[in-house]
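Lettering of chains follows the sequences in order, A, B, ..., and the numbering in each one begins at 1. Quick note: numbers below take in every heavy atom, side chains included, and nothing from hydrogens, waters or symmetry partners. Given the structure is predicted, the values throughout are model-derived calculations rather than measurements.
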Number of protein chains: 2
Amino acid sequence: MSLTTVAGPPLLTHMPHHSTPLDLAFHALSDPTRRAVVSRLAEGEVPVSVLAEPFDMALPSFAQHLKVLEDCGLIASEKRGRSRWCRLVQTRFNEAADWMETERRSWAGRLDRLEVYLDKAERK
Amino acid sequence: MSLTTVAGPPLLTHMPHHSTPLDLAFHALSDPTRRAVVSRLAEGEVPVSVLAEPFDMALPSFAQHLKVLEDCGLIASEKRGRSRWCRLVQTRFNEAADWMETERRSWAGRLDRLEVYLDKAERK
DNA sequence: CAGATACTAAGGTATATGCCTTAGTATATT
DNA sequence: AATATACTAAGGCATATACCTTAGTATCTG
(Lines give C-alpha, C1' and ligand atoms only; values in the text may rest on other atoms or scores of the structure.)
Protein backbone atom coordinates (compact mmCIF):
# COMPACT_ATOMS: atom_id res chain seq x y z
CA MET A 1 0.00 0.00 0.00
CA SER A 2 1.11 3.55 -0.61
CA LEU A 3 0.64 6.62 1.49
CA THR A 4 1.98 8.94 -1.16
CA THR A 5 -0.39 11.59 -2.34
CA VAL A 6 -2.10 10.63 -5.55
CA ALA A 7 -2.83 13.45 -7.95
CA GLY A 8 -6.41 14.26 -7.01
CA PRO A 9 -8.96 16.12 -9.04
CA PRO A 10 -7.99 19.73 -9.68
CA LEU A 11 -8.98 22.00 -6.81
CA LEU A 12 -11.47 24.57 -7.90
CA THR A 13 -11.06 27.80 -6.04
CA HIS A 14 -14.02 29.84 -7.08
CA MET A 15 -14.86 32.78 -4.98
CA PRO A 16 -18.33 32.46 -3.51
CA HIS A 17 -20.48 34.68 -5.66
CA HIS A 18 -20.63 38.07 -3.99
CA SER A 19 -23.52 40.02 -5.43
CA THR A 20 -23.94 43.77 -5.33
CA PRO A 21 -27.28 45.45 -4.54
CA LEU A 22 -27.73 46.23 -8.23
CA ASP A 23 -27.12 42.59 -9.18
CA LEU A 24 -29.70 41.48 -6.68
CA ALA A 25 -32.26 44.10 -7.70
CA PHE A 26 -32.07 43.23 -11.39
CA HIS A 27 -32.15 39.56 -10.59
CA ALA A 28 -35.26 40.11 -8.50
CA LEU A 29 -36.92 41.97 -11.36
CA SER A 30 -36.13 39.21 -13.86
CA ASP A 31 -39.08 37.15 -12.70
CA PRO A 32 -42.62 38.00 -13.87
CA THR A 33 -44.19 37.05 -10.56
CA ARG A 34 -41.88 39.39 -8.71
CA ARG A 35 -42.37 42.23 -11.18
CA ALA A 36 -46.12 41.79 -10.79
CA VAL A 37 -45.73 42.08 -7.02
CA VAL A 38 -43.71 45.26 -7.41
CA SER A 39 -46.38 46.67 -9.74
CA ARG A 40 -49.13 45.73 -7.39
CA LEU A 41 -47.45 47.33 -4.41
CA ALA A 42 -47.63 50.70 -6.12
CA GLU A 43 -51.12 50.86 -4.66
CA GLY A 44 -49.78 50.67 -1.11
CA GLU A 45 -49.46 48.04 1.58
CA VAL A 46 -50.90 44.60 0.88
CA PRO A 47 -50.89 41.44 3.04
CA VAL A 48 -49.13 38.35 1.66
CA SER A 49 -52.27 36.28 1.18
CA VAL A 50 -53.92 39.03 -0.88
CA LEU A 51 -50.75 39.56 -2.92
CA ALA A 52 -50.58 35.83 -3.59
CA GLU A 53 -54.16 35.42 -4.81
CA PRO A 54 -53.63 36.05 -8.56
CA PHE A 55 -50.85 33.48 -8.79
CA ASP A 56 -51.30 29.80 -9.52
CA MET A 57 -48.58 28.74 -7.16
CA ALA A 58 -48.29 27.15 -3.73
CA LEU A 59 -47.99 29.74 -0.99
CA PRO A 60 -44.49 28.69 0.10
CA SER A 61 -43.31 29.16 -3.47
CA PHE A 62 -44.82 32.61 -3.55
CA ALA A 63 -43.28 33.42 -0.18
CA GLN A 64 -39.86 32.61 -1.65
CA HIS A 65 -40.41 35.31 -4.25
CA LEU A 66 -41.24 37.78 -1.52
CA LYS A 67 -38.08 36.78 0.30
CA VAL A 68 -36.02 37.50 -2.82
CA LEU A 69 -37.65 40.92 -3.09
CA GLU A 70 -37.15 41.66 0.58
CA ASP A 71 -33.57 40.37 0.74
CA CYS A 72 -32.54 42.72 -2.02
CA GLY A 73 -34.34 45.64 -0.40
CA LEU A 74 -37.02 46.21 -3.04
CA ILE A 75 -39.79 45.59 -0.54
CA ALA A 76 -40.18 45.61 3.21
CA SER A 77 -42.73 43.83 5.34
CA GLU A 78 -44.14 43.82 8.80
CA LYS A 79 -46.24 41.30 10.63
CA ARG A 80 -49.52 42.52 12.05
CA GLY A 81 -51.51 39.85 13.79
CA ARG A 82 -51.25 36.78 11.63
CA SER A 83 -50.79 38.61 8.34
CA ARG A 84 -47.62 40.07 6.95
CA TRP A 85 -48.05 43.40 5.18
CA CYS A 86 -45.72 44.26 2.32
CA ARG A 87 -44.75 47.59 0.84
CA LEU A 88 -42.37 48.88 -1.79
CA VAL A 89 -39.06 50.45 -0.83
CA GLN A 90 -38.28 53.32 -3.17
CA THR A 91 -34.53 53.65 -2.73
CA ARG A 92 -33.40 50.28 -4.07
CA PHE A 93 -35.80 50.48 -6.97
CA ASN A 94 -34.52 53.94 -7.83
CA GLU A 95 -30.91 52.77 -7.81
CA ALA A 96 -31.75 50.29 -10.56
CA ALA A 97 -33.93 52.74 -12.49
CA ASP A 98 -31.24 55.42 -12.22
CA TRP A 99 -28.60 53.07 -13.57
CA MET A 100 -30.78 52.42 -16.58
CA GLU A 101 -31.49 56.10 -17.19
CA THR A 102 -27.82 56.91 -16.91
CA GLU A 103 -27.02 54.31 -19.54
CA ARG A 104 -29.78 55.58 -21.76
CA ARG A 105 -28.45 59.13 -21.56
CA SER A 106 -24.91 57.94 -22.09
CA TRP A 107 -25.98 56.28 -25.29
CA ALA A 108 -27.91 59.33 -26.41
CA GLY A 109 -24.79 61.37 -25.66
CA ARG A 110 -22.80 59.36 -28.14
CA LEU A 111 -25.44 59.81 -30.81
CA ASP A 112 -25.39 63.55 -30.18
CA ARG A 113 -21.63 63.67 -30.60
CA LEU A 114 -21.96 61.63 -33.75
CA GLU A 115 -24.50 64.11 -35.13
CA VAL A 116 -22.21 67.01 -34.38
CA TYR A 117 -19.44 65.19 -36.21
CA LEU A 118 -21.65 64.45 -39.19
CA ASP A 119 -22.83 68.05 -39.22
CA LYS A 120 -19.26 69.27 -39.43
CA ALA A 121 -18.41 66.76 -42.12
CA GLU A 122 -21.42 67.89 -44.10
CA ARG A 123 -20.49 71.54 -43.91
CA LYS A 124 -17.05 70.87 -45.38
CA MET B 1 -41.79 -11.40 -6.66
CA SER B 2 -44.49 -8.95 -7.60
CA LEU B 3 -45.20 -7.25 -10.88
CA THR B 4 -47.83 -4.98 -9.43
CA THR B 5 -47.09 -1.29 -9.74
CA VAL B 6 -45.57 0.09 -6.61
CA ALA B 7 -46.52 3.66 -5.77
CA GLY B 8 -43.63 5.51 -7.40
CA PRO B 9 -42.42 9.00 -6.73
CA PRO B 10 -44.95 11.66 -7.70
CA LEU B 11 -44.62 12.72 -11.32
CA LEU B 12 -43.50 16.29 -11.59
CA THR B 13 -45.09 18.05 -14.49
CA HIS B 14 -43.42 21.43 -14.53
CA MET B 15 -43.78 23.51 -17.59
CA PRO B 16 -40.41 24.28 -19.13
CA HIS B 17 -39.57 27.82 -18.08
CA HIS B 18 -40.88 30.16 -20.76
CA SER B 19 -39.29 33.55 -20.30
CA THR B 20 -40.53 36.86 -21.68
CA PRO B 21 -38.18 39.43 -23.26
CA LEU B 22 -38.41 41.53 -20.10
CA ASP B 23 -37.45 38.54 -17.94
CA LEU B 24 -34.43 37.89 -20.10
CA ALA B 25 -33.37 41.53 -20.24
CA PHE B 26 -33.45 41.97 -16.47
CA HIS B 27 -31.73 38.67 -15.98
CA ALA B 28 -29.01 39.75 -18.38
CA LEU B 29 -28.55 43.01 -16.45
CA SER B 30 -28.27 41.20 -13.12
CA ASP B 31 -24.62 40.36 -13.74
CA PRO B 32 -21.90 42.99 -13.23
CA THR B 33 -19.82 41.77 -16.15
CA ARG B 34 -22.76 42.09 -18.49
CA ARG B 35 -23.73 45.52 -17.18
CA ALA B 36 -20.15 46.64 -17.70
CA VAL B 37 -20.34 45.44 -21.29
CA VAL B 38 -23.55 47.36 -21.84
CA SER B 39 -21.95 50.47 -20.34
CA ARG B 40 -18.87 50.09 -22.46
CA LEU B 41 -20.87 49.67 -25.65
CA ALA B 42 -22.29 53.15 -25.21
CA GLU B 43 -19.11 54.30 -26.93
CA GLY B 44 -19.96 52.36 -30.07
CA GLU B 45 -18.91 49.11 -31.67
CA VAL B 46 -16.20 47.08 -29.99
CA PRO B 47 -14.69 43.70 -30.94
CA VAL B 48 -15.01 40.83 -28.48
CA SER B 49 -11.33 40.62 -27.59
CA VAL B 50 -11.20 44.34 -26.72
CA LEU B 51 -14.42 44.09 -24.73
CA ALA B 52 -13.03 41.13 -22.82
CA GLU B 53 -9.72 42.76 -21.83
CA PRO B 54 -10.75 44.32 -18.50
CA PHE B 55 -12.15 41.06 -17.16
CA ASP B 56 -10.22 38.43 -15.28
CA MET B 57 -12.00 35.56 -16.90
CA ALA B 58 -11.31 32.94 -19.57
CA LEU B 59 -12.50 34.05 -22.98
CA PRO B 60 -15.11 31.29 -23.37
CA SER B 61 -16.64 32.38 -20.06
CA PHE B 62 -16.80 35.94 -21.28
CA ALA B 63 -18.27 34.81 -24.58
CA GLN B 64 -21.10 33.15 -22.65
CA HIS B 65 -21.97 36.53 -21.17
CA LEU B 66 -22.09 38.03 -24.64
CA LYS B 67 -24.35 35.22 -25.74
CA VAL B 68 -26.76 35.98 -22.89
CA LEU B 69 -26.79 39.64 -23.93
CA GLU B 70 -27.28 38.80 -27.57
CA ASP B 71 -29.93 36.12 -27.00
CA CYS B 72 -32.08 38.58 -25.11
CA GLY B 73 -31.61 41.25 -27.75
CA LEU B 74 -29.64 43.78 -25.70
CA ILE B 75 -26.69 43.62 -28.06
CA ALA B 76 -26.06 42.51 -31.63
CA SER B 77 -22.84 41.42 -33.24
CA GLU B 78 -21.33 40.86 -36.59
CA LYS B 79 -18.22 39.03 -37.65
CA ARG B 80 -15.68 40.99 -39.66
CA GLY B 81 -12.59 39.08 -40.56
CA ARG B 82 -11.68 37.09 -37.49
CA SER B 83 -13.13 39.52 -34.96
CA ARG B 84 -16.72 39.83 -33.89
CA TRP B 85 -17.89 43.40 -33.38
CA CYS B 86 -20.59 44.08 -30.80
CA ARG B 87 -22.99 46.98 -30.45
CA LEU B 88 -25.90 47.89 -28.21
CA VAL B 89 -29.47 47.46 -29.37
CA GLN B 90 -31.58 50.29 -28.09
CA THR B 91 -35.07 48.83 -28.30
CA ARG B 92 -34.71 45.97 -25.83
CA PHE B 93 -32.89 48.16 -23.36
CA ASN B 94 -35.60 50.79 -23.62
CA GLU B 95 -38.31 48.25 -22.95
CA ALA B 96 -36.73 47.47 -19.62
CA ALA B 97 -35.96 51.09 -18.79
CA ASP B 98 -39.51 52.09 -19.74
CA TRP B 99 -40.98 49.44 -17.48
CA MET B 100 -38.97 50.87 -14.60
CA GLU B 101 -39.96 54.44 -15.34
CA THR B 102 -43.60 53.44 -15.59
CA GLU B 103 -43.40 51.83 -12.19
CA ARG B 104 -41.64 54.80 -10.74
CA ARG B 105 -44.35 57.14 -12.03
CA SER B 106 -47.07 54.79 -10.88
CA TRP B 107 -45.65 54.94 -7.40
CA ALA B 108 -45.27 58.71 -7.52
CA GLY B 109 -48.89 58.83 -8.65
CA ARG B 110 -50.02 57.14 -5.50
CA LEU B 111 -48.02 59.52 -3.37
CA ASP B 112 -49.59 62.44 -5.19
CA ARG B 113 -53.07 61.13 -4.55
CA LEU B 114 -52.14 60.60 -0.92
CA GLU B 115 -50.95 64.20 -0.68
CA VAL B 116 -54.18 65.45 -2.18
CA TYR B 117 -56.04 63.38 0.36
CA LEU B 118 -53.96 64.67 3.24
CA ASP B 119 -54.39 68.22 1.95
CA LYS B 120 -58.14 67.85 2.01
CA ALA B 121 -58.05 66.28 5.44
CA GLU B 122 -55.93 69.15 6.68
CA ARG B 123 -58.27 71.81 5.34
CA LYS B 124 -61.26 70.32 7.17
C1' DC C 1 -60.78 25.69 24.00
C1' DA C 2 -61.47 23.74 18.99
C1' DG C 3 -60.93 24.89 14.50
C1' DA C 4 -59.77 27.92 10.82
C1' DT C 5 -56.47 31.14 8.88
C1' DA C 6 -52.01 32.95 7.60
C1' DC C 7 -47.99 32.18 7.20
C1' DT C 8 -43.06 29.62 8.05
C1' DA C 9 -39.65 25.84 8.14
C1' DA C 10 -37.53 22.06 6.06
C1' DG C 11 -36.26 19.37 2.54
C1' DG C 12 -36.73 17.41 -2.40
C1' DT C 13 -36.29 17.65 -7.67
C1' DA C 14 -35.25 19.42 -12.29
C1' DT C 15 -33.05 22.88 -14.56
C1' DA C 16 -30.11 26.96 -15.13
C1' DT C 17 -25.97 29.73 -14.21
C1' DG C 18 -21.17 30.99 -14.06
C1' DC C 19 -17.09 29.58 -14.08
C1' DC C 20 -13.48 26.36 -15.93
C1' DT C 21 -10.51 23.46 -19.45
C1' DT C 22 -9.35 21.41 -23.75
C1' DA C 23 -9.78 21.22 -28.48
C1' DG C 24 -11.37 22.88 -32.56
C1' DT C 25 -12.05 26.46 -36.95
C1' DA C 26 -11.43 30.49 -39.56
C1' DT C 27 -8.73 34.42 -40.71
C1' DA C 28 -4.70 37.26 -40.70
C1' DT C 29 0.52 37.88 -40.65
C1' DT C 30 5.27 36.79 -41.80
C1' DA D 1 3.14 27.48 -45.96
C1' DA D 2 3.73 28.06 -40.94
C1' DT D 3 2.39 30.49 -37.12
C1' DA D 4 -0.38 33.56 -34.53
C1' DT D 5 -4.84 35.53 -33.51
C1' DA D 6 -9.69 35.57 -32.47
C1' DC D 7 -12.99 33.33 -31.51
C1' DT D 8 -16.27 28.78 -30.99
C1' DA D 9 -17.70 24.13 -29.52
C1' DA D 10 -18.14 20.77 -26.09
C1' DG D 11 -18.29 19.13 -21.76
C1' DG D 12 -17.50 19.32 -16.57
C1' DC D 13 -18.31 21.12 -11.80
C1' DA D 14 -20.39 23.71 -7.86
C1' DT D 15 -24.03 26.41 -6.70
C1' DA D 16 -28.45 28.73 -7.28
C1' DT D 17 -33.32 28.96 -8.76
C1' DA D 18 -38.12 27.86 -9.01
C1' DC D 19 -41.09 25.02 -8.22
C1' DC D 20 -43.14 21.34 -5.09
C1' DT D 21 -44.90 18.79 -0.59
C1' DT D 22 -45.47 18.00 4.21
C1' DA D 23 -45.44 19.63 8.67
C1' DG D 24 -45.10 23.02 11.80
C1' DT D 25 -46.33 27.82 14.67
C1' DA D 26 -48.82 31.78 15.62
C1' DT D 27 -53.13 34.29 15.77
C1' DC D 28 -57.91 35.02 15.27
C1' DT D 29 -63.13 33.26 15.50
C1' DG D 30 -66.88 30.94 17.29
Side-chain angles (χ1 to χ4, degrees), chain A residues 7-20 23-37 45-72 74-86, chain B residues 7-20 23-37 45-72 74-86:
Chain A
L11 272 188
L12 296 182
T13 52
H14 284 162
M15 230 195 301
H17 204 55
H18 223 154
S19 296
T20 69
D23 294 355
L24 296 173
F26 280 124
H27 168 68
L29 294 174
S30 75
D31 182 277
T33 301
R34 293 192 291 257
R35 282 200 308 281
V37 167
E45 283 188 313
V46 183
V48 168
S49 50
V50 175
L51 266 183
E53 256 167 37
F55 300 100
D56 183 24
M57 190 184 290
L59 187 62
S61 307
F62 184 75
Q64 283 271 70
H65 285 299
L66 293 182
K67 182 169 157 40
V68 170
L69 286 169
E70 186 150 19
D71 284 353
C72 80
L74 279 172
I75 72 172
S77 69
E78 188 191 348
K79 198 132 191 182
R80 295 192 200 127
R82 62 187 161 174
S83 313
R84 175 173 296 277
W85 292 72
C86 300
Chain B
L11 273 187
L12 295 182
T13 54
H14 284 163
M15 232 194 301
H17 204 57
H18 222 154
S19 295
T20 70
D23 294 355
L24 296 173
F26 280 124
H27 167 68
L29 295 174
S30 74
D31 182 277
T33 301
R34 291 192 293 256
R35 281 200 309 280
V37 168
E45 283 189 313
V46 184
V48 169
S49 51
V50 176
L51 266 183
E53 257 166 36
F55 301 101
D56 182 25
M57 189 184 292
L59 186 63
S61 306
F62 184 75
Q64 281 273 67
H65 285 299
L66 293 182
K67 182 169 156 40
V68 170
L69 286 168
E70 186 150 18
D71 283 352
C72 80
L74 279 172
I75 73 173
S77 69
E78 188 191 348
K79 198 132 191 182
R80 294 191 202 132
R82 63 187 161 177
S83 314
R84 176 173 295 279
W85 291 73
C86 299

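If you take CG of B/L29 and C1' of C/dT17, they are 16 Å apart, rounded to a whole angstrom. The CD-C1' distance, from B/Q64 to D/dC7, rounds to 13 Å in whole Å. Atom CG in B/D71 sits about 13 Å away from atom P in C/dA16, given to the nearest Å. Rounded to whole Å, atom P of C/dG18 lies 12 Å from atom CZ of B/R35. With rounding to whole Å, B/F26 atom CZ is found 15 Å from D/dA18 atom P. When the C1' atom of D/dT8 is taken as reference, atom CG of B/L59 falls 9 Å away, rounded to whole Å. The distance between atom CH2 of B/W85 and atom C1' of D/dC7, rounded to the nearest whole Å, is 14 Å. If you take CD of B/E78 and P of D/dC7, they are 13 Å apart, rounded to a whole angstrom.
Nearest to the side-chain atoms of B/S83 among the listed nucleotides D/dC7, D/dC19, C/dT21 stands D/dC7. Closest contact between the side chain of B/K79 and the listed nucleotides D/dC7, C/dG18, C/dT29 involves D/dC7. Picking from D/dC7, C/dT8, D/dC19 the nucleotide with the shortest atom distance to the side chain of B/R84 gives D/dC7. Nearest nucleotide to the A/P60 side chain, out of C/dC19, C/dT8, C/dA6: C/dT8.
Side chains of B/L29 and A/L29 form no contact here, defined as non-hydrogen atoms less than 4.5 Å apart.
Residues B/R34 and B/H27 share a closest heavy-atom pair of NH2-O, 3.3 Å.
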**OP:** Output, in order, the C-alpha distance, side-chain angles, deciding distance and verdict of side-chain contact (heavy atoms from CB on, under 4.5 Å) for B/F26 and A/R35.
**Re:** CA-CA 10 Å; B/F26 280 124; A/R35 282 200 308 281; 3.8 Å; yes

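Among the heavy atoms of the strands lying under 4.0 Å from A/S49 are primed sugar atoms or P, OP1, OP2 only; no base atom is included. At the heavy-atom level, A/R34 lies under 4.0 Å from the strands shown only through sugar-phosphate atoms. At a threshold of 4.0 angstrom between heavy atoms, the contacts of B/S61 include nucleobase atoms, whether or not backbone atoms are also involved.
Checking the phosphate oxygens (OP1, OP2) of D/dT17, no side-chain nitrogen or oxygen of B/H27 falls inside 4.0 Å. Close to C/dT17, at under 4.0 Å from its OP1 or OP2, lies no side-chain N or O of B/H65.
Rounding to the nearest 0.5 Å places CG of B/L51 at 10.5 Å from CD of B/E45. Atoms CG and CD1, on A/L66 and A/I75 in that order, are 5.0 Å from each other to the nearest 0.5 Å.
Position along DNA chain D of the nearest nucleotide to A/F62 versus A/R82 favours A/F62 as the more 5'-ward residue.
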